[in-house]
Amino acid sequence: MSVLSQQFFQKDVLEVAPSLIGKCLVRKYANNTIRKFLITETEAYRGEEDLACHASKGRTKRTEIMYQKGGTIYIYLIYGMYWMLNIVTEKENIPQAVLIRGIENYNGPGKLTKALEINKSINGKTLCKRNGLWVEDYGIIPKITTATRIGINYAGKEWIEKPWRFILNE
DNA sequence: TCTCCGATTCACT
DNA sequence: GTGAATCGGAGAA
């Protein structure tokens with residue numbers, strides 16, 4: 001087992017997103033309990049030109065986090081009810097992020113953040129043990145299926161059709 | 001300040 | 001298959 005370094009995330013999101021499949025998301029709760037979850041589904045959001053990406057509107061207070069260097073945690077509230085967990089990729093000033101859509105036993109981004117007790121308090125923090133959330137590599141070589149992204153009908157045909165969702169094959 | 005709407009989920013017809 | 005819940009960010013004025 002090895003803990004993924006910051007360097008792992010400082011690459012193109014299209015490399016990072018599929019390679020996170022089969023890795024282990026580790027959460028240390030407020031009461032020091034530690035739980036590990038296999039990552040089963042991710043999605044890539046890639047830069048200002050990607051109309052499905054929040055950063056397509058340019059650099060704002062909200063998207064500022066995505067311009068940080070890879071390994072930063074981006075938390076975002078959707079529909080006033082659910083927190084989305086993203087991991088920023090690439091170097092500084094390149095707005096890319098991986099959305100964690102699914103983990104073992106929790107199918108759905110809203111459910112997994114609930115299970116992990118994720119909320120805005122860790123927005124902008126770095127992915128590492130000190131902050132209670134990190135990723136471990138157990139050397140699993142997963143079989144990956146690609147698909148189109150979900151919930152981005154506003155982005156237009158060209159971007160809806162990108163096969164930027166990555167799913168672990170059972 | 002005010003209005004619009006979303007990287008979702010769940011209950012109900 | 002359809003619609004409600006619910007709130008912060010972005011853009012308009």
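Below, chain A is the first sequence line, B the second, and so on; all start at residue 1.
- When the C1' atom of dC7(C) is taken as reference, atom CH2 of Trp83(A) falls 9 Å away, rounded to whole Å.
- When distances are taken from the side chain of Thr60(A) to each of dA7(B), dA10(C), dG8(C), the shortest belongs to dA10(C).
- Taking only side-chain atoms of Leu77(A), from C-beta outward, the nucleotide of dC7(C), dT8(B), dC10(B) with the closest atom is dC7(C).
- Nearest nucleotide to the Thr63(A) side chain, out of dT6(C), dG8(C), dA10(C): dA10(C).
- When the P atom of dA10(C) is taken as reference, atom CZ of Arg62(A) falls 5 Å away, rounded to whole Å.
- Nucleotide dT6(C) has no partner under the Watson-Crick or G-U criteria, as no pair reaches both atom distances under 3.5 Å.
- At a threshold of 4.0 angstrom between heavy atoms, the contacts of Met81(A) include nucleobase atoms, whether or not backbone atoms are also involved.
- Of the side-chain N and O atoms in Lys57(A), none sit less than 4.0 angstrom from OP1 or OP2 of dG9(C).
- Distance Gln96(A) CD to dA7(B) P: 18 Å, rounded to the nearest Å.
- Taking a pair to require two hydrogen-bonding distances under 3.5 Å in either a Watson-Crick or a G-U wobble arrangement, dA7(B) remains unpaired.
- In this structure, the CD atom of Glu48(A) is 13 Å from the P atom of dA10(C), given to the nearest Å.
- Residue Ile150(A) contributes atom CD1, which lies 7 Å from atom P of dT8(B) at whole-angstrom precision.
- Evaluated for a side-chain contact (heavy atoms from CB on, under 4.5 Å) with Trp164(A), the options Thr148(A), Asp50(A), Ile152(A), Val98(A) yield exactly one hit, Asp50(A).
- Taking atom P in both dT6(C) and dC12(B), the straight-line distance is 15 Å, to the nearest Å.
- Distances shorter than 4.0 Å separate none of the side-chain N or O atoms of Tyr45(A) from OP1 or OP2 on dA7(B).
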Inset, instruction - Could you please spell out the steps behind the salt bridge (Lys or Arg N to Asp or Glu O under 4.0 Å) verdict for Lys91(A) and Asp12(A)? - result: CA-CA 9 Å; Lys91(A) 301 183 172 57; Asp12(A) 193 292; over 6 Å; no

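- Between dT8(B) and Arg101(A), a contact under 4.0 Å exists linking OP1 or OP2 to a side-chain N or O.
- The number of heavy-atom neighbours closer than 6.0 Å to CG of Asn107(A), taken from other residues, nucleotides and ligands shown, is 12 or below.
- Taking atom CZ of Arg149(A) as the reference point, atom C1' of dT8(B) lies 17 Å away to the nearest angstrom.
- At the phosphate of dG9(C), OP1 or OP2 sits under 4.0 Å from a side-chain N or O atom of Lys120(A).
- Between Tyr76(A) and the phosphate of dG9(C), there is no side-chain N or O to OP1/OP2 separation shorter than 4.0 Å.
- Residues His54(A) and Tyr45(A) keep their aromatic ring centres 6.0 Å or farther apart.
- To the nearest angstrom, C1' of dT8(B) lies 6 Å from OH of Tyr82(A).
- At a threshold of 4.5 Å between non-hydrogen side-chain atoms, the residues Arg101(A) and Glu43(A) count as touching.
- Rounded to whole Å, the separation between the C1' atoms of dG8(C) and dC10(B) comes to 22 Å.
- Using C1' as the reference atom, dG3(C) and dC5(B) are 15 Å apart when rounded to the nearest Å.
- Nearest nucleotide to the side chain of Met66(A), out of dA7(B), dT8(B), dA10(C): dA7(B).
- Residue His54(A) places no side-chain N or O under 4.0 Å from the OP1 or OP2 atom of dG9(C).
- Salt bridge absent: Glu136(A) and Lys23(A) never bring a charged side-chain N and a carboxylate O closer than 4.0 Å.
- Rounded to whole angstrom, the span from the CD1 atom of Ile75(A) across to the C1' atom of dC7(C) amounts to 17 Å.
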